[in-house]
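Step one of this worksheet: look at the structure below.
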Protein chains: 2
Amino acid sequence: MNNNVGWNCRGDKEEGGRKTVVVADDHAIVRQSLVDVLSEPGRINKEGLQVVEQAEDGFAVLAAVKRHKPNLLLLDITMPLASGAEIIKDIQRWSPDTCTVVFTGMEATGLLWGLIEDGAQGLFSKADPVEELLDKLPMILEGTPYIAPRFQALLHKKSAITALTARERQTLSMVVGGMSNREIAEAMNISPKTVDKHRTSLMNKLNLHSVVELIAFALREGIIDQPHGS
Amino acid sequence: MNNNVGWNCRGDKEEGGRKTVVVADDHAIVRQSLVDVLSEPGRINKEGLQVVEQAEDGFAVLAAVKRHKPNLLLLDITMPLASGAEIIKDIQRWSPDTCTVVFTGMEATGLLWGLIEDGAQGLFSKADPVEELLDKLPMILEGTPYIAPRFQALLHKKSAITALTARERQTLSMVVGGMSNREIAEAMNISPKTVDKHRTSLMNKLNLHSVVELIAFALREGIIDQPHGS
DNA sequence: TACAAAATGGGGTCATCACCCCATTTCCGC
DNA sequence: GCGGAAATGGGGTGATGACCCCATTTTGTA
């Protein structure tokens, strides 16, 4: 967890005095809508933002951010080719001054925690009116992180997954990845019996009793990289 | 499968000569964007469409359609409270003259088939530019069904699930629902051995070898009602 | 340093699953 | 009505999973 409260979304350049932004979402209609409203003068700030590039998958996002080092990256984390929290970590490495704001319809508690720990400065839900995002963006661009109330509520009742130890989490993700105890044991360089122990222990903690229940849980928590929805 | 090619999207009333439409999507930004562009005169037709109501969940959709009996219903099928194909069937019953067009980011082949069989007159992907939808809407409103090329491709390589028999499909959905062979046997009023037979047979047909693989398949195909994404 | 939690791994048991064999019956289409 | 696919269900086997018991070691933290 990095404590970057008060972080400055400096970015690399501000073309013509306007702050730059990369918009990433796998849905064209959402991208278009965001671009329209972000670049409109007087909406976010008096000049409007400069949308330097759009991206519709994870690879394109990384490429765009590397190229432009924008002040702001607005992205949905459920995208093809590279999704989830890893992308944010990559972005922090390649362009640490870019301020990353997540705008998503996903509600898996496990993933949400990851986003914050990896350095997302803003968290907004697509279920909320866009105004929520627009209202808070100026503040975020000044360096104050913000999380939408909807997500704050989800984060408060903290995920049952926090009760798991590191080893148990690794085991969980391999189990839902379809690996047998023996395969997991090889991958972790430990005995199958230890894997069995981790497995029994985590199922006990989560009060689950079969692989199917385990996967249902993993889907809710966002542990599984599932085919995209909505 | 109903052959309603050439169906007329009459609806109930055309307020002020404009065709009426209900817009349903769980994401506010998408709703707003659609409403803006649909009601704009000269875009779909010269008068623009009359957006009579918006809905953000399955119940609201049904209520809105019952109330307005619009010419057109534009909806995303992955919504809270009531999702998927059942909603379309309900709508056909309550307002048979409403023309239902699905606009979604979902790509599960199994569900797509259901949508068409249940009477969707249009199928568009959120990954495509909105223009695709706008261009084809007038035609659909005249009564000619249309499916976006992206989905046509998905539908052509028809789902492996079509190789399954009725009993095997029932078994499949119960297995991924977390039921044991014994429980399934009780539910179906047959012997556990027969369930075992169905199970073995369907896994053979789908070339799967574990419950986890089975669930991964079910997710791809849209058999499982998964937590909403994107 | 001392203590607790985590991680390691061995023993066993029982249920379930994946897959093979086999047979009978039921039902739909030609 | 005949044939074939589907559905039914019984026997069996080996593998795996879900738990129980137990112990040792490692690690982090008070």
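As a basis for the values below, the full set of heavy atoms in this structure was taken, side chains included, without hydrogen atoms, waters or symmetry mates. Keep in mind the model is a prediction, meaning the values are calculated, not measured.
Between A:R199 and A:D196, no side-chain nitrogen of the basic residue sits less than 4.0 Å from a carboxylate oxygen of the acidic one, so the salt-bridge criterion is not met.
When the P atom of C:dC17 is taken as reference, atom CD of B:E213 falls 16 Å away, rounded to whole Å. The CG-P distance, from A:L172 to D:dG17, rounds to 14 Å in whole Å. Distance CE (B:M179) to P (C:dT16): 13 Å, rounded to an integer number of Å. One can place CZ of A:R199 at 18 Å from C1' of C:dA7, the figure rounded to the nearest angstrom. Note: CG (A:N204) to C1' (D:dA18) measures 11 Å, nearest angstrom. Distance, B:I190 CD1 to C:dT24 C1': 15 Å, rounded to whole Å. Look at CG on B:L214: it is 8 Å from P on C:dA18, rounded to the nearest Å. Here D:dG17 presents its C1' atom at 14 Å from CD1 of A:I215, a figure rounded to the nearest Å.
Side-chain atoms of B:D26 do not come within 3.5 Å of backbone N or O of B:D57 as any donor-acceptor pair. At least one donor-acceptor pair under 3.5 Å links the side chain of B:K205 to the backbone N or O of B:A163. For A:T171 (side chain) and A:R167 (main-chain N/O), a donor-acceptor pair under 3.5 Å exists by modelled atom type. A:T98 places a side-chain N or O within donor-acceptor distance of the main-chain N or O of A:P70, the cut-off being under 3.5 Å.
Residue A:S210 has no polar side-chain atom (N or O) positioned under 4.0 Å from OP1 or OP2 of D:dA18. Distances shorter than 4.0 Å separate some side-chain N or O of A:H209 from OP1 or OP2 on D:dC19. Within the structure, a side-chain polar atom (N or O) of A:S191 is placed less than 4.0 Å from OP1 or OP2 of C:dG10. Between A:N181 and the phosphate of D:dG17, there is a side-chain N or O to OP1/OP2 separation shorter than 4.0 Å. Considering only side-chain N and O atoms, B:T200 lies nowhere under 4.0 angstrom from the phosphate OP1 or OP2 of C:dC20.
In this structure, the nucleotide among C:dA6, C:dT8, C:dC19 sitting nearest to the side chain of A:T165 is C:dA6. For A:H198, whose side chain is taken as the heavy atoms from C-beta onward, the closest listed nucleotide among C:dC19, C:dT8, D:dG17 is C:dT8. The listed nucleotides are D:dG10, C:dC19, D:dG17; the one nearest the side chain of B:D196 is C:dC19. Counting only heavy atoms from C-beta on, B:R167 has its side chain closest to D:dT8 among D:dT8, D:dC19, C:dA7. Side-chain atoms of B:A166 lie closest to D:dA7 of the nucleotides C:dG9, C:dC19, D:dA7. Among the nucleotides C:dC19, D:dA7, D:dA18, the one closest to any side-chain atom of A:V211 is D:dA18.
Between A:K197 and A:K193, it is A:K197 whose nearest contact on DNA chain C lies nearer the 5' terminus.
Within the nucleic acid shown, B:T194 comes within 4.0 Å of at least one base atom, counting heavy atoms only. Heavy atoms of A:L202 sit nowhere under 4.0 angstrom from any nucleic acid atom.
Looking only at atom types and distance, the side chain of B:T109 has a donor-acceptor partner in the side chain of B:E221 under 3.5 Å away.
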